[in-house]
Amino acid sequence: MAPGYARRPPPPHRAPIAPVPPFTCGRVRWAVMIPPRDDSAAPPPGWPVTEAGALAVQDRLRDRVVLDEPGPEPGAPLVAVGVDVAYDDARDLVVAAAVALDAGTLEVLEEATAAGPVAFPYVPGLLAFREVPAVLAALERLTVTPGLVVCDGYGLAHPRRFGLASHLGVLTGLPTIGVAKTPFVFAYDAPGPRRGDSAPLLDGAEEVGRALRTQEGVKPVFVSVGHRVDLDRACAHVLRLAPRYRLPETTRAADSLCRRALAAG
DNA sequence: GCGACAG
DNA sequence: ATCTTGTCGC
């Protein structure tokens, strides 16, 4: 692991990943987040168990999304962290992975995983409630400080403008973006055929993200802002992280790791 | 009202 | 997401 990257002192379990104003979830106060419990990836006390409860949490947290920061400068030194999860519903098990890469060289700097019970059923628009607890636990186990978190799914491209990437950003305070493989419910025109070509991802007349061609002749990915990053930079980071394949290396590394961890455990 | 619907 | 055979290509 290359020296020169900022590190947080372990153990991180009692310390917030980043200074974020306290908020409450249900009746429970999360200083920023996740917490202690044991060292599992179980959802914290107060994690919603109903759709109505989850909708209420989204409604309460959505205005905490920060959209007026440009985010990390593409080309500058950056620790880009990919997060993803794999499931075994039969065993009520979810495994999350967080893989930190040097955004310049794509070298793997650090890997972490966390396993726990499935926190929520899959409901379109409420994906964060299923994935976030385990993802937070995996992020906490990294010792490098993420400069950008790349999520598998959406941020602002969400019916209530609060997808997984935005949710994770608000909870951690970290800059986040969403990279999805399918366009969810939004409309777009096919981007040009070359790598780097893009077209707006539209909710009516509102651009909620971008269909971005990362490889020539390959279908685009769908990029949206999560938290503390603008859309131009989000796309620039995705392009740089995907020099060879359709999906960014962050996503590929995290996907691979959580699947291996699920199969192993 | 019914279906579609990130992962 | 996950269930899954073979197949084309580097």
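The figures that follow rest on heavy atoms only: side chains count, while hydrogens, waters and symmetry mates do not. So that the names make sense, note that chain A is the first sequence line, chain B the second, and so on, each numbered from 1.
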Asker: Check the distance between B:dC5's P and A:His158's NE2 and give it to me in whole angstrom.
Answerer: 16 Å
Asker: Step by step, work out the ring pair (Phe, Tyr, Trp, His ring centres under 6.0 Å) result for A:Phe222 and A:Tyr188.
Answerer: CA-CA 10 Å; A:Phe222 302 91; A:Tyr188 68 101; 5.0 Å; yes
Asker: Categorize A:Tyr154 for me: base, sugar-phosphate, or nothing, with a 4.0 angstrom heavy-atom threshold over every strand shown.
Answerer: base
Asker: Once you round it to whole Å, what is the distance between P of C:dA1 and CG of A:Leu93?
Answerer: 16 Å
Asker: Could you tell me whether the phosphate oxygens of B:dA6, OP1 or OP2, come under 4.0 Å of any side-chain nitrogen or oxygen in A:Tyr122?
Answerer: yes
Asker: Does A:Asp189, at its CG atom, have more than 12 non-hydrogen atoms belonging to other residues, nucleotides or ligands within less than 6.0 Å?
Answerer: no
Asker: Taking only side-chain N and O atoms of A:Lys181, does any of them lie within less than 4.0 angstrom of OP1 or OP2 on B:dG7?
Answerer: yes
Asker: Heavy atoms only, 4.0 Å cut-off, all strands: where does A:Asp84 land among base, sugar-phosphate and nothing?
Answerer: sugar-phosphate
Asker: Looking for any heavy atom pair under 4.0 Å, which part of the strands does A:Ala157 touch: base, sugar-phosphate only, or nothing?
Answerer: nothing
Asker: Roughly how many Å is it from CG in A:Asp152 to C1' in B:dA6, rounded to a whole number?
Answerer: 9 Å
Asker: Measure CZ/A:Phe184 against P/B:dA6 and give the value in whole Å, please.
Answerer: 6 Å
Asker: Using only side-chain N and O atoms of A:Thr182, determine if any of them is under 4.0 Å from OP1 or OP2 of B:dC5.
Answerer: no
Asker: Heavy atoms under 4.0 Å, any strand shown: does A:Gly125 hit a base, just sugar-phosphate, or nothing?
Answerer: base
Asker: Touch check for A:Leu201, heavy atoms < 4.0 angstrom, all strands: base, sugar-phosphate only, or nothing?
Answerer: nothing
Asker: Check whether any side-chain nitrogen or oxygen of A:Arg259 sits under 4.0 Å from OP1 or OP2 of C:dA1, and answer yes or no.
Answerer: yes
Asker: If you check the A:Pro124 side chain, which of B:dG7, B:dC5, C:dT2 turns out closest?
Answerer: B:dC5
